[in-house]
2 protein chains.
Amino acid sequence: MHVPRGERLTAQDIARKVGVHPSTVSRALNPATRHRLSEEVAARILQAAAEAGYVRNDLAASLRTRRSETIGVVLPDITNPVFPPILEGIEAVLAAEGYVAMVANGGADEERQRLVVERLLARQVDGLILATASLRDTIVELCLAAQAPIVLVNRSEPDADHRVSSVVSDDMRGMKLAVDHLVSLGHRRIGHIAGPQNLSTGKGRLEGFTAAMKAHGLSAPAVDVVVAPAYARDAGREAARRLLERQPDLTAVVAANDLLAIGLYDELAARGLSCPDDLSVVGHNDMPFVDLMSPPLTTVRIRHREMGEQAAGLLLRKVRGEAEGGLDVVLKPDLVVRASAGQPRQPGTRP
Amino acid sequence: MHVPRGERLTAQDIARKVGVHPSTVSRALNPATRHRLSEEVAARILQAAAEAGYVRNDLAASLRTRRSETIGVVLPDITNPVFPPILEGIEAVLAAEGYVAMVANGGADEERQRLVVERLLARQVDGLILATASLRDTIVELCLAAQAPIVLVNRSEPDADHRVSSVVSDDMRGMKLAVDHLVSLGHRRIGHIAGPQNLSTGKGRLEGFTAAMKAHGLSAPAVDVVVAPAYARDAGREAARRLLERQPDLTAVVAANDLLAIGLYDELAARGLSCPDDLSVVGHNDMPFVDLMSPPLTTVRIRHREMGEQAAGLLLRKVRGEAEGGLDVVLKPDLVVRASAGQPRQPGTRP
DNA sequence: TTGAAAGCGCTAACAA
DNA sequence: TTGTTAGCGCTTTCAA
């Protein structure tokens with residue numbers, strides 16, 4: 001065991017210094033109770049505390065008040081480019097309210113996620129923001145059982161019983177934007193590289209794609225869908241390979257995610273095919289720097305920072321008892337037109 | 001004020017259930033003291049705790065033990081692509097040791113950073129990892145005064161008195177790799193878009209660039225340096241504009257950072273110039289997806305995840321009193337050759 | 001091997 | 001307006 005470092009000053013020390021009782025110090029330091037003190041005493045305490053460099057022990061305060069002003073954030077993978085802006089949004093809102101974020105990378109493994117959430121709960125977080133992956137998992141159950149306020153971000157619970165709140169993008173609309181754009185360019189044979197079907201975004205976007213195609217009177221075999229097992233570049237490439245083999249007639253593909261679109265780029269390059277001349281591509285997310293790729297990716301933009309802000313705001317309201325039950329926030333995505341989707345190649349030709 | 005949610009079980013509750021004293025429960029739950037108990041009692045306690053779903057209140061334990069097993073991580077900007085892998089590395093090492101990370105976005109503002117660090121200190125973090133920006137700031141002083149163990153990551157303290165430890169990349173070597181590569185391609189007139197000179201990476205890389213050029217017998221006016229005020233795309237573009245105006249003879253530019261290199265790409269595109277035909281470009285960091293840009297960026301790779309791992313490991317050793325004073329870890333970078341640097345254009349020509 | 005007692009530093013009900 | 005008292009839930013001597 002290590003030796004604890006230099007003793008810190010306590011409210012007792014300040015009290016002694018000023019000649020008041022510790023509870024008076026506590027009252028002076030808390031803006032909400034300060035007015036119950038004479039201005040003169042409050043001022044003397046504040047000054048003495050500042051002079052001595054006193055810093056309150058928030059742990060002790062939390063133990064007493066049962067509020068830690070700490071929020072747990074569980075991510076599956078911080079290196080996935082969608083999460084940093086979400087985290088930034090969360091952090092900004094929390095900081096403005098005096099809260100801090102305890103961030104834990106849960107990974108994809110359910111068991112490890114359980115552990116992470118339990119550890120956060122043991123640290124008495126006031127609530128949790130879950131950006132974890134799987135659609136119906138035990139983590140939500142765990143939090144619910146612990147009566148911890150939670151908000152899901154970038155995913156939602158499938159069941160309509162609205163036990164939990166979530167902040168998501170409108171995937172139906174997103175896919176409609178993508179498909180409408182391609183159809184307006186003249187495409188009729190459009191494929192979809194879908195995301196994992198155990199994720200709400202994977203399922204929702206597939207649904208949105210199908211609905212949008214149907215709205216244009218388009219259906220199989222003009223349509224083909226392949227499911228990628230993960231939102232990852234290599235999974236996208238592998239899915240693209242299967243899709244292009246199965247349906248060489250396709251003139252355009254909508255990917256459920258920019259990473260998958262990049263995998264599709266890889267496969268096109270490997271086949272010596274050109275985008276958009278041989279195949280038009282539309283992604284989803286508008287993650288950073290996709291405007292710099294060759295060709296710049298046309299994609300559906302999700303405002304991730306705002307997602308994080310909304311999630312943190314919603315959670316804080318729950319923590320304070322101002323919001324109850326399952327309240328969903330749905331953000332509107334936009335289409336960002338760049339250069340990866342163009343007119344279809346000559347009808348009937350195959351690349 | 002919100003109503004505290006459902007009461008949680010305490011060690012007392014478990015003690016009552018099993019018919020032992022709370023301190024016995026504590027001993028059973030702690031693997032380090034469990035052996036001092038009869039196996040039978042320990043087993044009964046463990047089972048009762050598991051059955052009842054007991055979760056220890058870590059806050060109370062921390063208050064008593066003066067160890068929070070929590071590490072504060074201060075970042076200037078989580079959306080900067082270098083930080084997610086660093087954070088991932090930190091988080092992985094901490095998690096393996098039972099620690100969690102409290103992450104706070106400090107921003108660039110010193111005052112706000114102070115606040116953030118103070119808040120973390122108040123929460124009794126056992127130590128801090130600072131990835132914050134400025135070279136000589138008050139934040140380090142603040143931590144030192146509070147006697148909090150700290151490790152700097154991706155920056156170091158300039159003064160050689162080695163008060164603090166840091167984990168950095170070997171920028172001298174990184175710039176040498178970049179310059180050697182360009183020189184071997186035939187370049188003689190090479191410019192540098194330097195990073196902010198109040199950051200150790202900005203300063204170090206400029207130094208490395210100058211030294212590497214000198215080693216080849218190259219100096220002004222074959223050399224020109226322009227300083228970007230921030231590691232950002234637009235700052236890079238603006239710096240590139242100044243550099244290209246001032247020195248149209250340059251055939252190659254080394255950027256102190258990939259973001260700056262991207263800004264340079266932007267400026268080249270705006271001028272209708274081609275990379276690498278008109279100008280060769282080498283970046284620094286190898287951030288995700290620069291291999292997908294057009295042209296794929298030749299750059300110096302830094303192993304950011306490992307930086308995070310090393311920083312966390314080093315800090316944990318300090319927290320445990322196993323490491324003292326200023327211990328620096330320097331990681332070796334590599335050159336990743338892609339397509340943004342080629343042979344120089346015809347000598348004497350200007351693009 | 002287990003229990004008893006004390007206290008980490010703070011806040012909040014209650015008293016004065 | 002301020003002090004007194006008690007206790008948040010845990011761990012850790014000390015004693016048995």
Side-chain angles (χ1 to χ4, degrees), chain A residues 1-46 49 52 54-70 121-124 126, chain B residues 1-46 49 52 54-70 121-124 126:
Chain A
M1 288 297 101
H2 84 283
V3 189
R5 61 192 131 89
E7 302 308 313
R8 295 214 180 128
L9 286 168
T10 71
Q12 282 239 38
D13 299 326
I14 306 301
R16 205 157 20 224
K17 210 165 278 194
V18 181
V20 296
H21 194 268
S23 64
T24 306
V25 172
S26 170
R27 287 188 268 252
L29 261 23
N30 180 349
T33 52
R34 191 173 303 154
H35 69 277
R36 318 172 110 255
L37 261 45
S38 78
E39 281 191 20
E40 186 260 332
V41 170
R44 261 170 53 218
I45 293 174
L46 254 22
Y54 167 74
V55 182
R56 186 184 75 157
N57 185 330
D58 285 347
L59 251 42
S62 293
L63 182 60
R64 178 67 234 238
T65 62
R66 294 152 172 283
R67 272 175 283 116
S68 65
E69 316 219 304
T70 301
L121 253 14
R123 284 189 160 80
Q124 312 301 114
D126 290 337
Chain B
M1 289 294 101
H2 85 286
V3 188
R5 62 190 130 86
E7 302 308 313
R8 296 218 179 125
L9 287 167
T10 72
Q12 281 239 39
D13 299 326
I14 306 300
R16 204 159 18 225
K17 209 166 277 192
V18 181
V20 294
H21 194 268
S23 64
T24 306
V25 173
S26 171
R27 286 187 268 251
L29 261 23
N30 181 349
T33 51
R34 190 173 304 156
H35 69 276
R36 316 172 111 259
L37 261 44
S38 79
E39 280 191 23
E40 186 260 333
V41 169
R44 259 171 53 219
I45 293 174
L46 254 22
Y54 168 73
V55 181
R56 186 183 74 158
N57 184 331
D58 283 348
L59 250 41
S62 294
L63 182 60
R64 177 70 232 246
T65 62
R66 293 151 173 285
R67 275 176 281 115
S68 66
E69 316 220 306
T70 302
L121 253 15
R123 284 189 160 77
Q124 311 300 114
D126 291 338

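Below, each value reflects all heavy atoms present in this structure, side chains not excepted, and no hydrogens, waters or symmetry copies. Chain letters run A, B, ... following the sequence lines, proteins first and then strands; every chain starts at 1.
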Checklist entry - Looking only at side-chain N and O atoms, does A:Y54 come under 4.0 Å of OP1 or OP2 in C:dG9? => result no
Checklist entry - Would A:T70 and B:R123 count as having a side-chain donor-acceptor pair, cut-off 3.5 Å? => result yes
Item to check | Nearest-Å distance for atom pair CD1/C1', residues B:I14 and D:dC10 | outcome: 14 Å
Item to check | Atom-pair distance (CZ on A:R16; C1' on C:dG9), nearest Å | outcome: 13 Å
Checklist outcome for this item: Smallest heavy-atom separation, A:D126 atom then A:R66 atom, equals OD1-O, 4.4 Å
Checklist entry - Tell me: CD of B:Q124 to C1' of D:dC10, nearest whole Å? => result 16 Å
Checklist outcome for this item: Closest non-hydrogen atoms of A:S62 and A:S68, given as atom of the first, atom of the second and distance, are OG-CA, 3.3 Å
Checklist outcome for this item: Note: contacts of residues 20-30 of chain B with DNA chain C (heavy atom, under 4.0 Å) are B:V20, B:H21, B:S23, B:T24, B:R27
Checklist entry - Nearest-Å distance, CZ (B:R64) to C1' (C:dA5)? => result 11 Å
Checklist entry - Rounded to whole angstrom units, what separation is found between the CG atom of A:L63 and the P atom of C:dA12? => result 12 Å
Item to check | Non-hydrogen atoms of A:Y54 and A:T10 that approach each other most closely | outcome: CE1-C, 3.4 Å
Checklist entry - Rounded to the Å, how far apart are A:D13 CG and C:dC8 C1'? => result 13 Å
Checklist entry - Where do B:T33 and B:S26 come nearest, in terms of heavy atoms and distance? => result OG1-O, 4.3 Å
Checklist entry - Just how far, in rounded Å, is C1' of C:dC10 from CD of A:Q12? => result 10 Å
Item to check | B:R44 side chain to B:V18 backbone, donor-acceptor under 3.5 Å | outcome: yes
Checklist entry - Can you tell me if the side-chain N/O atoms of A:R8 get under 4.0 Å from OP1 or OP2 in C:dG9? => result no
Item to check | Heavy-atom pair with the smallest gap, counting every atom of B:A52 and B:L9 | outcome: O-CD1, 3.1 Å
Next on the checklist: With a 3.5 Å distance limit and no angle check, can you tell me whether A:R27 reaches the backbone of A:R34 through a side-chain donor-acceptor pair?
Outcome noted: no
Next on the checklist: Can you tell me if B:R56 touches the phosphate of D:dT11, counting only side-chain N or O atoms and a distance under 4.0 Å to OP1 or OP2?
Outcome noted: yes
Next on the checklist: Using every non-hydrogen atom in the two residues, find where B:I45 and B:I14 come nearest and quote the distance to one decimal.
Outcome noted: O-CG2, 4.2 Å
Checklist outcome for this item: Ordered by number, residues from residues 33-41 of chain B within less than 4.0 Å of DNA chain C (heavy atoms) are B:R36, B:L37, B:S38, B:V41
Checklist entry - Atom CG of A:D58 and atom C1' of C:dC8: how far apart are they, to the nearest Å? => result 15 Å
